[in-house]
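Below: the structure, in C-alpha cells.
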Amino acid sequence: MARFELKLPKMGESVAEATITNWLKEVGDKIEMDEAVLEIATDKVDSEVPSEVSGVLVEKLFGKDDLVQVGQTIAIIETEGGSVEAPKTEAVPQEVIAEVQKTVEVAKEMVAAPADFSKSDKFFSPLVKNIAKEEGIAIAELESISGSGKEGRVTKEDILKFVANRQNPIATSENVKVAQPQTAMPVSVNGGDEIIEMDRMRKLISGYMVASLQTSAHVQSFVEVDVTNIVKWREKVKVAFEKREGEKLTFTPIMMEAVAKALKDFPGMNISVDGDFIIKKKNINLGMAAALPNGNLIVPVIKNADQLNLVGMAKAVNDLGNRAKTGKLKPDDTQGGTYTVTNVGTFGSIFGTPIISQPQVGILALGAIRKVPAVIETPEGDFIGIRQKMFLSHSYDHRVVDGALGGSFVKRVADYLEAFDVNRDF
C-alpha cells in the first residue's frame, strides 16, 4: 500500500485559495482516477477536485467551509502497489505558509466556545475569525469594519487596526461609524410567505454589491449613441461571418472593441485603487457581466482585449458566454479584470446605473438598441428620420475619476461606435 497526498491544484495565476463547499467522498470510499473527490469555491466560481490516482480515501484534512491554500494537502488516498508521488505544484509563498501556521497555532490555543459566524453573509478568513474570537469582537462589529483586501475583504491589518482604535478610542467620524454599525430592519412574514435562503453565490454577490457602494463614490454619465451604421453592417455580414468563422456575430464584441480602444485613449479609467494609492494597469482586461440560468451573475474576463481584432473579440465573447451558461468557467476566467461592461439592454432596459466591480473604478452599461425618430443633419438641411439608437450609462468612482474624465471616456466610446465603417471587412 502507498499513501497519496491529494493537494489543492493551481487554478489560475491570480487564485491562491479556495473554500471547501462539499465532500463528495467519505473516509473508506473507493475512488477511481479522475473521479471528483470534493467541491470547492473561489470568490466567483465553483468547481470540483478530481483524484489523480485510484484508491481508498483514508483521511480528510479539512472540513466543509474550510479555507485552503493552493498546494496544501487536503486528503490522503491509499493506493495499491508502490509509492506514488504527488504531482509537482508551484511552491506556496513563505508568507502564506506563515499565515496558515499562525492560524493553526491560534486555533490550538483557543479554549472558549467558537463564535457563530453562520449568522453573517460576509466572508472572513480563519485568521480574522480567530482574532475576532480572541478580542471578543461581535459579529455586528466585525461586519462594520471596512475591508481593504480583495473584493472588500477584512484583512489581518484591518481587524488589528480596529482593535487598536477600540482600545484607544479617538473621536473621529471613522470611529463613530464603527461604533454604530447599521442593523437590518425587521421583516414582517405572514403565513402565506415563502422563505428561501440565498445560495452561496447570491450571498457573495450581495456582499460584493454592498461593499462596492460603501467603498466607491458612485457617479454616472449618460450618452445617447446613433448605432444605425452598426446595425446595418451586422445585418449585412452576420451570415457570412458565421459561415466563415463558425461563430455568431452579436453586437457585444463590436461594443467591447470600442471600449478597449477608448481605454487606450484614457488610461486613467484603466486603474484600481488600493487605499491611498492608484494602480495604473498595464493590460486592458474587460469584464463581461453574464446572467446565469439560475438568475445569478458572473463576470468572466477577456484578457488583453485591446490586442484582439473583431473576429478574436467575437470568439472570446462567445466562448466565455457559453461556458458561463454551462458552468464550465475556470477560476482564472473571472480574475484580473480592469474594467467591466454589462449589457442591460438584453433585458429591455434603455439604460441603467450599474455598480462598480471592486477594485476597478468604472463600469459601462449598454442599453437596448431602439428605432427612434431623430433629427438628421445634412448639407441640404435638417430632417426627421428613423435611426437606431442606444444609451451608454457610465458609472465611475468619484474618489479618483472626475466628471471630465468619466464623461470624456464614455463620449469617446460613443464616437467610435458612431464612426463605425459600414464598408469594413470582418
Side-chain angles (χ1 to χ4, degrees), residues 1-94 96-110 113-114 116-118 123-130 197 199-201 203-204 294 323 326-335:
M1 294 289 185
R3 292 167 65 87
F4 174 81
E5 295 184 357
L6 180 65
K7 299 179 183 293
L8 183 66
K10 185 172 176 60
M11 297 168 287
E13 292 297 329
S14 54
V15 181
E17 61 188 22
T19 300
I20 296 175
T21 57
N22 186 35
W23 280 95
L24 302 176
K25 297 291 183 179
E26 298 298 330
V27 172
D29 288 351
K30 291 184 177 180
I31 300 171
E32 299 296 330
M33 183 179 294
D34 295 328
E35 187 177 5
V37 179
L38 69 157
E39 295 175 339
I40 59 173
T42 62
D43 285 349
K44 298 180 181 178
V45 177
D46 296 347
S47 58
E48 298 176 340
V49 177
S51 174
E52 293 133 81
V53 297
S54 297
V56 177
L57 180 63
V58 295
E59 188 175 359
K60 296 191 295 187
L61 302 181
F62 292 91
K64 183 179 178 181
D65 297 328
D66 283 349
L67 187 69
V68 185
Q69 303 294 324
V70 168
Q72 278 191 288
T73 301
I74 50 182
I76 303 296
I77 299 173
E78 196 170 75
T79 65
E80 296 283 349
S83 61
V84 179
E85 291 186 3
K88 293 182 179 180
T89 58
E90 293 188 13
V92 180
Q94 287 300 317
V96 172
I97 296 175
E99 196 85 346
V100 173
Q101 290 175 339
K102 184 172 182 179
T103 301
V104 174
E105 292 303 318
V106 171
K108 288 180 178 178
E109 295 172 2
M110 290 179 59
D116 186 7
F117 289 97
S118 64
F123 175 85
F124 299 104
S125 70
L127 179 61
V128 169
K129 289 180 181 179
N130 287 330
E197 184 180 3
D199 60 27
R200 188 194 68 84
M201 182 171 284
K203 289 178 181 179
L204 286 172
N294 62 3
R323 288 198 285 123
T326 56
K328 294 181 179 179
L329 287 175
K330 299 176 182 177
D332 203 41
D333 289 330
T334 61
Q335 304 294 324

Heavy-atom pair with the smallest gap, counting every atom of [X] and [Y]:
X: Asp34; Y: Pro50; result: O-CB, 3.7 Å
X: Lys7; Y: Glu5; result: NZ-OE1, 3.1 Å
X: Trp23; Y: Ala75; result: CH2-CB, 3.9 Å
X: Leu24; Y: Ala36; result: CD1-CB, 3.6 Å

Subject >> Sole residue of Leu61, Asp66, Val37, Leu6 in side-chain contact (heavy atoms from CB on, under 4.5 Å) with Ile74 >> reply: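 Of the listed residues Leu61, Asp66, Val37, Leu6, the side-chain contact (heavy atoms from CB on, under 4.5 Å) partner of Ile74 is Leu6.
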**OP:** Evaluate the criterion side chain to side chain contact (heavy atoms under 4.5 Å, CB included) for residue pair Gln69 and Leu8; output intermediate values, then yes/no.
**Re:** CA-CA 7 Å; Gln69 303 294 324; Leu8 183 66; 5.9 Å; no
**OP:** Please lay out, stage by stage, how Glu17 and Val70 fare under the test side chain to side chain contact (heavy atoms under 4.5 Å, CB included).
**Re:** CA-CA 5 Å; Glu17 61 188 22; Val70 168; 6.0 Å; no
Does the side chain of [Y] come within less than 4.5 Å of [X]'s, by heavy atoms?
X: Ile40; Y: Val68; value: no
X: Lys203; Y: Glu197; value: yes
X: Glu78; Y: Glu59; value: no

Original post:
For atom NZ of Lys330, is the number of surrounding heavy atoms from other residues, nucleotides or ligands below 6.0 Å larger than 12?
Top reply: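 For Lys330, atom NZ is not crowded (no more than 12 foreign heavy atoms under 6.0 Å).
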Original post:
Taking the side chain from Thr79 and the backbone from Ser54, do they hold a donor-acceptor pair closer than 3.5 Å?
Top reply: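 No.
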Original post:
Is Thr21 reaching over with its side chain to a backbone N or O of Glu39, donor-acceptor style, under 3.5 angstrom?
Top reply: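 Flag set: sc Thr21 to bb Glu39 pair under 3.5 Å.
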